[in-house]
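First comes the structure, then the notes that go with it.
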Amino acid sequence: MHDGCNGSFENGKQVVDKVRMMGFSMQPMPIPAVFKCHECNEEITMITMEYACPHCGMVYAVTPCHAFDINNIMAAGKNY
């Protein structure tokens with residue numbers, strides 16, 4: 001089930017499911033990611049591999065292998 005750093009994902013829900021399954025949801029980001037929420041357009045600082053926007057509840061995730069580039073962060077949906 002674990003593909004190391006070679007896994008690819010079609011959507012944010014798959015990324016969230018993967019980080020949850022691997023136990024990385026609450027793992028700190030190597031560098032906090034600052035970006036605008038896709039849903040509410042508020043600036044947020046993602047500090048863990050899985051993070052919910054405090055303004056609207058949009059859930060984001062990134063795998064540890066890809067956490068160094070904010071372009072790899074994917075939205076899974078509100079309150080996912």
Side-chain angles (χ1 to χ4, degrees):
M1 191 74 172
H2 183 9
D3 296 324
C5 290
N6 296 324
S8 61
F9 304 95
E10 294 178 23
N11 59 57
K13 288 181 179 181
Q14 290 179 345
V15 180
V16 170
D17 292 344
K18 180 70 170 187
V19 245
R20 287 176 181 170
M21 180 190 71
M22 299 301 292
F24 295 137
S25 290
M26 298 311 296
Q27 181 174 319
M29 293 283 286
I31 300 169
V34 179
F35 59 96
K36 288 199 180 224
C37 176
H38 299 286
E39 180 72 17
C40 68
N41 210 34
E42 292 287 334
E43 186 173 275
I44 58 175
T45 303
M46 185 172 170
I47 57 172
T48 54
M49 298 293 162
E50 179 183 340
Y51 187 78
C53 174
H55 307 284
C56 71
M58 178 62 76
V59 175
Y60 294 90
V62 65
T63 60
C65 292
H66 298 101
F68 295 94
D69 183 354
I70 65 168
N71 293 313
N72 294 319
I73 298 170
M74 297 181 80
K78 290 176 87 171
N79 303 312
Y80 181 73

Could I get the full list of side-chain hydrogen bond (donor to acceptor under 3.5 Å, both in side chains) partners for Ser25, not counting sequence neighbours? Glu50

Return the set of residues passing side chain to side chain contact (heavy atoms under 4.5 Å, CB included) with Pro28 (not counting sequence neighbours), or none when no residue passes. none

Exercise: identify the closest heavy-atom pair between Val15 and Val19: O-CG2, 2.8 Å

Tell me which pairs pass salt bridge (Lys or Arg N to Asp or Glu O under 4.0 Å) where either residue lies in residues 32-49, with sequence neighbours left out. none

Taking a hydrophobic cluster as the set of Ile, Leu, Val, Met, Phe, Trp and Tyr residues connected by side-chain heavy atoms closer than 4.5 Å, whether directly or through intermediates, do Phe68 and Val62 fall within one such cluster? no

Do Ile70 and Val16 belong together in a cluster built from hydrophobic side chains that touch within less than 4.5 Å? no

Check the hydrophobic clustering (I, L, V, M, F, W, Y; side-chain heavy atoms under 4.5 Å; chains of links allowed) and say if Ile47 and Phe24 are grouped together. yes

Side-chain polar contacts of residues 71-80 - donor-acceptor pairs under 3.5 angstrom, sequence neighbours left out - could you list them?
unit_1 : atom_1 : unit_2 : atom_2 : d
Asn71  : ND2    : Asp69  : OD1    : 3.1
Asn72  : ND2    : His66  : O      : 3.1
Tyr80  : OH     : Asp17  : OD1    : 2.8
Tyr80  : OH     : Asp17  : OD2    : 3.2

Between CD on residue Gln27 and CE on residue Met22, distance to nearest 0.5 Å: 10.5 Å

Single-linkage hydrophobic cluster Met49~Phe35, side-chain heavy atoms < 4.5 angstrom: yes

Within residues 36-55 or reaching into it, pairs that qualify as ring-ring contact (aromatic ring centres under 6.0 Å, His included) - sequence neighbours excluded: His38-Tyr60

Where do Cys37 and Met58 come nearest, in terms of heavy atoms and distance? SG-CB, 3.9 Å

What are the two closest heavy atoms between Met46 and Ala61, and how far apart are they? CE-CA, 3.8 Å

